[in-house]
Amino acid sequence: MIIASRTVVPKASSRRRTRRLLSSDNSLPYLLLVPALIALGCILVVPLIYNIWLSFHEYNLLRPARNTFVGFGNYLKVIQDPAHVSSLFLTVRFTAITVLAEVILGTSLALLLNLPFPGNHFVRTLVLVPMLISEVVAGLSWRLIYHTEFGLLNYLIGLFGLSPQVWLGPDLALPSVMIVEIWQHTPFVTLIMLAGLQTVPRELLESSMMDGASRWQRFRYVVLPLITPILLLALVFRTMFTLRVFAPVWVLTGGGPADSTLVIGVDIYRAAFRYYNLGIAATLSIILLAVTLAITLVYMRLLRREALT
Amino acid sequence: MNPSVVRLLEKYLIGLCVIAVILFTVFPLAWIILTSVKPANIAVSYPPRFFFTPTLEHYGLLLSGSGGEVLGKAFINSILTTGISMIVTLLVACPAAYSLSRLKPAGGAAIVVFIIGVRMLPPIVLVVPLFRIFQSWGITDTQTALIIPYVGLSVPLATWMMIGFFLNLPKELEEAAMIDGCGRIKAFWHVILPLAAPGLAATSIFTGLLAWNDLVFSLPLTTVDAVTLPVIASRMRVEEGVLWGQLGAVSTIMIIPVILLTFFVQRHIVQGIASGAVKG
Amino acid sequence: MFRRLFFAAAVSITLGAGGVHAQTLTMLVSSGGSGRTFEAAAKHFSAATGIPVNVIQNPYAEVREKQLLELVGKTGNLDVISVDGTIWMPEVAPFLDPIDEQTTDTKHLIPSMVDLFRADGKLVALPVRIAGWVLIYRKDLFDAAGLKPPTTWEEFRFAARTLTKDGVYGFAPALRQGNYLVVQWIPFLFSHGGQILNKERTAAAFNSPEGIKATQFFVDLVRDGLVPPGATAYEQSDIITAISQGIAAMALTYSPYFLNMNNPKESKVAGKLAIAPSLPRDPATGMTTGRTLISGWGFGVAASSRNKKEAHQFIQFVASDAEQKRLAVENNNAPTASAVYKDPDYLKVFPAAADVQGALASASDRPLVESWTMIEDILARELSAAVTGTKTVKEALDAAEKAVNAAL
């Protein structure tokens, strides 16, 4: 969205003149967009339209004879079913907490790794490892670690004299799943923020140091404003991907115990592939898309305000 | 306090933090890799075993019978689908990003919103429509059937990242090249793209990871000929539970190329994003 | 230019990937013990007939997903279809090629197993592997405590309580929210005289006095600490681990898992296990033994297959007496051919066979209804709430009854 605001803002007249000079062919900008638009059109837009259509139909893949148009029936059904509604709220809560944690941890980690120390390059690669492995493998590895009787985690806390915990039981399942999600995706934020920190001009930091600013003040008033745009980029992408989280939850808890980790990603999977109820799956997906879009727009607002101040 | 003491303390504190972070991030993966060389009867045991005589039996089981052939095929398929997806994504995303960042067509903002917006649909609901389309084209169980969704899902992020990157390149270079008689395409090819190399590396990594680790599409869309490594890994979830040793073995095979690649291009990735997306 | 490149690449890949043997049969099987068994069966078949069979092992849930996508799409990519008893029957039956009972011999197969694969009176698959839930126990611990395998639920509870000590728990159940939890609970329900649905399969029947008693008993095992504390996150595999690692004394699980638990390479308690001749019962119901859950794998032929003749030949081969015996002896398959249970070669490798057959003699499967998957998820959710204590048994069963009736 950063780009979006850029492209529409009219630039100085000299810039415009250059542009005219450069674009000898008026159709070129559009020609260059054609491959991307065709690719997205075929691969994403056609299924999107199909899903919008599905969301207005009672549609079960296994019983094609009974498929009928139901108007907003599916939407009403979803809104009136407390299981779907609570999964939506749970997803938003899950996303808010994990993304916040990822951003805080990721930024701190980036600040740490931005310091010069021996083996820095090697450590940076190691720290990226969790984001390089597949979510299913990550989830399964953590299941082995969380195992109440044979897991590594209970063994480790036992060394400190703590009693074993049921990590995937009713009280801890949600935080345990969140930890896996945070573990796996903090590196994405770290990577982006590391890049952001490269852009902070050294002279600026040095001059503020001369002014006697404390370390925190330097971060708060010099570094943070400069890296806010990229922070928001990380936020948008992490939010978008976390709202549809599926694999780690499915592998670790299957949505349980007692639906305490039933996020909308699991709900959609169930509707689509356990019940083959494509109408409901499509409806849930369109709602998820709307929520994602709404949150992104809020971020954009925040971003513009940040950019102005 | 003596400033040099403070500096020393700080040094140790940083060292400690770094070690803690490494333990937390690497340990779960190290554990599964360790499991791949553990004898089966202690893979899951209490207390967990850190020291044992390593065994290659799980790798042996994985390669036994037709396993070696299947795994080899999956490895080649993974490399092919990932590689081609990366290239095609760049070929599609770069011109679009170039146009949106440099030529600024009318309606560019709307196009950007559109490109990101369509990506917000959860991939899982793309499976059934794509399956039907591919089936009517007769391309299920081919690498093409995987490359198409991977490209589609990667183009939005790739375009966004590349827009930021192009915005950041000095315009003068391109103008100079054009004055020297290069066409726009030629200038793009000879001047812009080489400069954009770190950005391309960063973008490719994200595309590559998506394709390399994907299971949402590879499971339903492949059967025999086009299976990829994640599909093989998922087969280690058997009725009796998880074959931890063999899962560890497949995971190790999957992760090594990625870690090696990341190690070598990591600097470029950071640089690429730094000079690219940030400025966007 | 880019598009052309892309398509050129795509076309070359597609062409390169083609060229499968026209006669090859392709099928998906659930990975693990049954997958390995059927891979062996395919080899035997190919050796006998020269028809290659491509057996692909996938995780259970993915086999179901993928088969249905291919069947609904009539792709013809799959020839032989795996059917997990009555759970998958309503979904796949419409897409299967009926088996002609005039020309196909089914008399040698266990009749109740054959019945699992009948839809609207038509036989659509042949049973090839039994999945029955049996009570597996630590004979050494039972003997040391002077206990006998329980025949009533009170004896079961007493044994569990007696053996829960020194880091060992009386019973290891799979209580993670999902299919595992439901199939763990069903034998308790059945053996207390309960039913899942009414006879007409139009309404829930588990919220009866028997059902409440069974569920309360089930939940109390957890509340009283007779199961490992982590059991609320267990799947079936964790039961195998718990028994193999010696932290549990009893398990009520799928019979072939006995072989994993008794395998010296993977288990610390190999040779110390036994299978109870029948499940415990509730004497108040007048039942003479408990009633367990039975299901099994059947093979059918996809109506969209291009190699129907060969596919029928294959499923008949796998269900034959000779192949059932061979798979039972060499691959630990639980046979569907009655004669194998009396076969000396089989009894030699699996002396517990008689007990298994005894335990399965009075058994039934889940009700055959279209919406079973949904019912199972509802039960999993509510039972999970009951075993973790977020709801009382009564609350959970009331909620489940309401939701199941709505789903029906």
Side-chain angles (χ1 to χ4, degrees), chain A residues 2-4 7-8 23 28-30 32-33 35-36 39-40 43-45 47-48 50-51 109 112 115 117 123-130 132-134 136-137 140-142 144-145 149-150 152 155 192 194-196 198-199 230 233 240 244 265 268-269 272 278 281-282 285 288-289 292-293, chain B residues 14 17-18 21-22 25-26 28-29 31-32 44-48 92-93 95-96 98-100 103-105 108-109 112-113 115 117-118 120-122 124-126 128-130 148-149 151-152 155 159 163 209 213 215 230 233-234 242 247 251 255 258-259 262-263 266 270 273-274 277-278 280:
Chain A
I2 310 163
I3 311 314
T7 38
V8 284
S23 24
L28 186 65
Y30 297 100
L32 292 176
L33 281 168
L40 292 177
I43 302 158
L44 299 179
V45 178
L48 175 66
Y50 180 62
N51 272 287
L109 201 56
L112 182 71
L115 298 170
F117 57 85
V123 171
R124 279 186 186 184
T125 308
L126 281 186
V127 163
L128 295 185
V129 160
L132 305 179
I133 65 176
S134 92
V136 175
V137 170
L140 287 171
S141 314
W142 276 92
L144 195 58
I145 289 167
E149 279 78 29
F150 308 109
L152 192 60
Y155 172 75
I192 301 263
L194 257 179
Q198 313 295 311
T199 62
I230 190 151
L233 176 115
M240 188 163 118
R244 63 164 81 122
I268 293 173
Y269 169 82
L278 300 189
S285 308
L288 177 60
L289 186 139
T292 315
L293 207 58
Chain B
I14 291 171
C17 286
V18 169
V21 164
I22 293 177
T25 52
V26 175
L29 185 74
W31 191 240
I32 196 94
V44 185
S45 65
Y46 194 86
V92 171
Y98 181 74
S99 158
L100 288 167
L103 312 178
K104 307 209 169 128
V112 174
V113 172
I115 288 177
V118 287
M120 289 176 185
L121 197 69
I124 207 157
V125 295
L126 303 180
V128 172
L130 286 181
I148 292 175
V151 169
V155 162
T159 308
I163 287 177
L209 279 177
N213 288 327
L215 202 58
S234 84
V242 180
L247 177 76
S251 307
I255 190 77
V258 184
I259 290 188
T262 311
F263 184 75
Q266 182 257 113
V270 171
I273 305 173
V278 185

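Per chain, numbering begins at 1; letters A, B, ... match sequence-line order.
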With chain B, the option among A:Leu109, A:Leu278, A:Leu140, A:Val137 that has the most non-hydrogen atom pairs under 4.5 Å is A:Leu140
All heavy atoms of A:Leu289 vs all of B:Gly117, minimum pair found to be CD1-O, 4.3 Å
Under 4.5 Å to a heavy atom of chain B? For A:Tyr50 that would be side chain
Pair count under 4.5 Å, heavy atoms only, with chain B: among A:Leu152, A:Thr292, A:Val136, highest is A:Leu152
Applying a strict 4.5 Å limit to non-hydrogen atoms, the region of B:Leu121 in contact with chain A is both
Heavy-atom closest pair (A:Phe150 atom, B:Pro48 atom, distance to 0.1 Å) is O-CG, 4.3 Å
Okay, B:Pro28 and chain A: the region with an atom under 4.5 Å from a heavy atom over there is both
Compare all side-chain heavy atoms of B:Thr25 with those of A:Val129 and state whether any distance is below 4.5 angstrom. no
Nearest heavy-atom approach of B:Ile259 to A:Thr125 is O-CG2, 4.2 Å
Can you tell if the side chain of A:Leu288 reaches within under 4.5 Å of the side chain of B:Pro122, non-hydrogen atoms only? yes
Okay, A:Leu112 and chain B: the region with an atom under 4.5 Å from a heavy atom over there is side chain
Nearest heavy-atom approach of A:Ala36 to B:Val92 is CA-CG1, 3.2 Å
In short, B:Gly152 meets A:Leu44 closest at the heavy-atom pair O-CD1, 3.6 Å
A:Leu40 side chain near B:Ile115 side chain, heavy-atom distance below 4.5 Å
yes
Q: Would you indicate whether the side-chain heavy atoms of A:Val127 and B:Val21 approach each other to under 4.5 Å?
A: yes
Honestly, the part of B:Val125 sitting under 4.5 Å from a heavy atom of chain A is both
Whatever's closer than 4.5 Å to a heavy atom in chain A on B:Val128 counts as side chain
Heavy-atom nearest pair, A:Leu33 first then B:Pro105, reads CD1-CG, 4.0 Å
Whatever's closer than 4.5 Å to a heavy atom in chain A on B:Ile124 counts as both
Whatever's closer than 4.5 Å to a heavy atom in chain A on B:Val155 counts as side chain
In this structure, CG of A:Leu115 is separated from CD1 of B:Ile14 (nearest 0.5 Å) by 4.5 Å
Legend entry - Close side-chain approach of B:Leu215 to A:Ser134, heavy-atom, < 4.5 Å: no
Close side-chain approach of B:Asn213 to A:Ile133, heavy-atom, < 4.5 Å | no
Value for CG (A:Leu32) from CG (B:Leu103), rounded to nearest 0.5 Å, stands at 6.5 Å
*asked:* Looking at B:Leu126, is its backbone amide N or carbonyl O close enough to the side chain of A:Asn51 to form a donor-acceptor pair, meaning the two atoms are under 3.5 Å apart?
replied: no
Okay, A:Leu293 and chain B: the region with an atom under 4.5 Å from a heavy atom over there is both
If one checks every heavy atom of A:Leu48 against chain B at 4.5 Å, the contacting part turns out to be both
So, the part of A:Leu144 with a heavy atom under 4.5 Å from chain B: the answer is both
Turns out that what part of B:Ser45 lies under 4.5 Å from chain A's heavy atoms comes down to backbone
Bottom line for A:Phe117: the part with an atom under 4.5 Å from chain B's heavy atoms is side chain
